[in-house]
Each structure stands twice: as structure tokens, then as C-alpha cells.
Amino acid sequence: MEKALWYLLTATRGGANRARIIDALTERPQNANELAEELDVGYKTIRHHMEQLEEHDIVESGEESYAKLYFLTDRFDKYRDTFEDITEQMDK
């Protein structure tokens with residue numbers, strides 16, 4: 001998971017947006033439309049990032065197919081300190 005976080009947040013162009021998505025989901029579960037509106041990012045862009053984050057077990061979605069909510073995984077919570085360390089370095 002640590003390697004995946006470094007890759008997703010620093011080695012790709014969308015890292016900053018992925019960090020913002022994770023921060024938003026820390027506050028409360030949200031669907032893709034809510035995230036797009038809150039972060040002022042296009043819906044398709046959010047969906048792309050959510051697919052990447054799901055693939056690496058950082059977020060998971062609820063059962064609904066329409067307006068499904070996204071949650072941070074329990075596995076991610078174990079690596080929250082790593083996430084915080086990475087985002088601190090990104091801000092420098």
C-alpha cells in the first residue's frame with residue numbers, strides 16, 4: 001500500500017487531485033457528482049481517479065450502482081500516516 005500511495009500521489013499527473021479526493025472522503029463518504037462539485041473537477045476526471053483509487057484498495061464503493069457512495073478502506077486507514085507524510089512533501 002505504501003508504494004501504491006507514493007505512485008498514485010507523486011508519480012502521476014493526477015496525484016494532487018487524488019490527494020484532494022482522499023481528503024474530501026476523510027470528512028464524509030461522497031458520490032462522484034458531489035466530489036466533482038466540491039473539488040471543482042469534471043465528473044469524468046473524478047470517475048477516472050476513483051477507478052485508480054479503487055484498483056489500489058484505497059477507496060471502496062457502496063452497493064448502489066446509481067450515485068454510489070465512496071468510502072476510504074480500512075486498509076487505507078492503516079496507512080494514513082504515510083498519506084500524511086506524502087502530502088506534506090507534496091506541499092513543499
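Residues take their numbers from the sequence shown, with the count starting at 1.
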Q. For the side chain of Thr73 and the backbone of Glu60, is there at least one donor-acceptor N/O pair under 3.5 Å apart?
A. no
Residues 43-54 side chain polar contacts: donor-acceptor under 3.5 Å, at least two apart:
| from | atom 1 | to | atom 2 | distance (Å) |
| --- | --- | --- | --- | --- |
| Arg47 | NH1 | Tyr70 | OH | 2.3 |
| His49 | ND1 | Arg18 | NE | 3.2 |
| Glu54 | OE2 | Ser61 | OG | 3.2 |

Q | Euclidean distance, Thr12 OG1 relative to Tyr7 OH, rounded to 0.5 Å | A | 6.0 Å
Q | Interatomic spacing from CZ in Arg20 to CG in Leu25 - rounded to 0.5 Å | A | 12.5 Å
(Q) Can you confirm whether Arg75 sits close enough to Ile58 that some side-chain heavy atom of one is under 4.5 Å from a side-chain heavy atom of the other? (A) no
Q. With a 4.5 Å limit on heavy-atom distance, are the side chains of Leu69 and Phe71 in contact?
A. yes
Show me the donor-acceptor pairs, under 3.5 Å and distance only, between side chains in residues 77-85 and residues at least two apart or in other chains.
| from | atom 1 | to | atom 2 | distance (Å) |
| --- | --- | --- | --- | --- |
| Asp77 | OD1 | Arg80 | NH2 | 3.0 |
| Arg80 | NH1 | Thr26 | OG1 | 3.2 |

Q: Report the distance from atom CD1 of Ile22 to atom OG1 of Thr87, rounding to the nearest 0.5 Å.
A: 9.0 Å
Atom pairs and distances, donor-acceptor, side-chain atoms in residues 29-37, under 3.5 Å, two or more places apart:
| from | atom 1 | to | atom 2 | distance (Å) |
| --- | --- | --- | --- | --- |
| Gln30 | NE2 | Ala24 | O | 3.4 |
| Gln30 | NE2 | Glu38 | OE1 | 3.0 |
| Asn31 | OD1 | Asn33 | N | 3.0 |
| Asn31 | OD1 | Glu34 | N | 2.8 |
| Glu34 | OE1 | Asn31 | N | 2.9 |

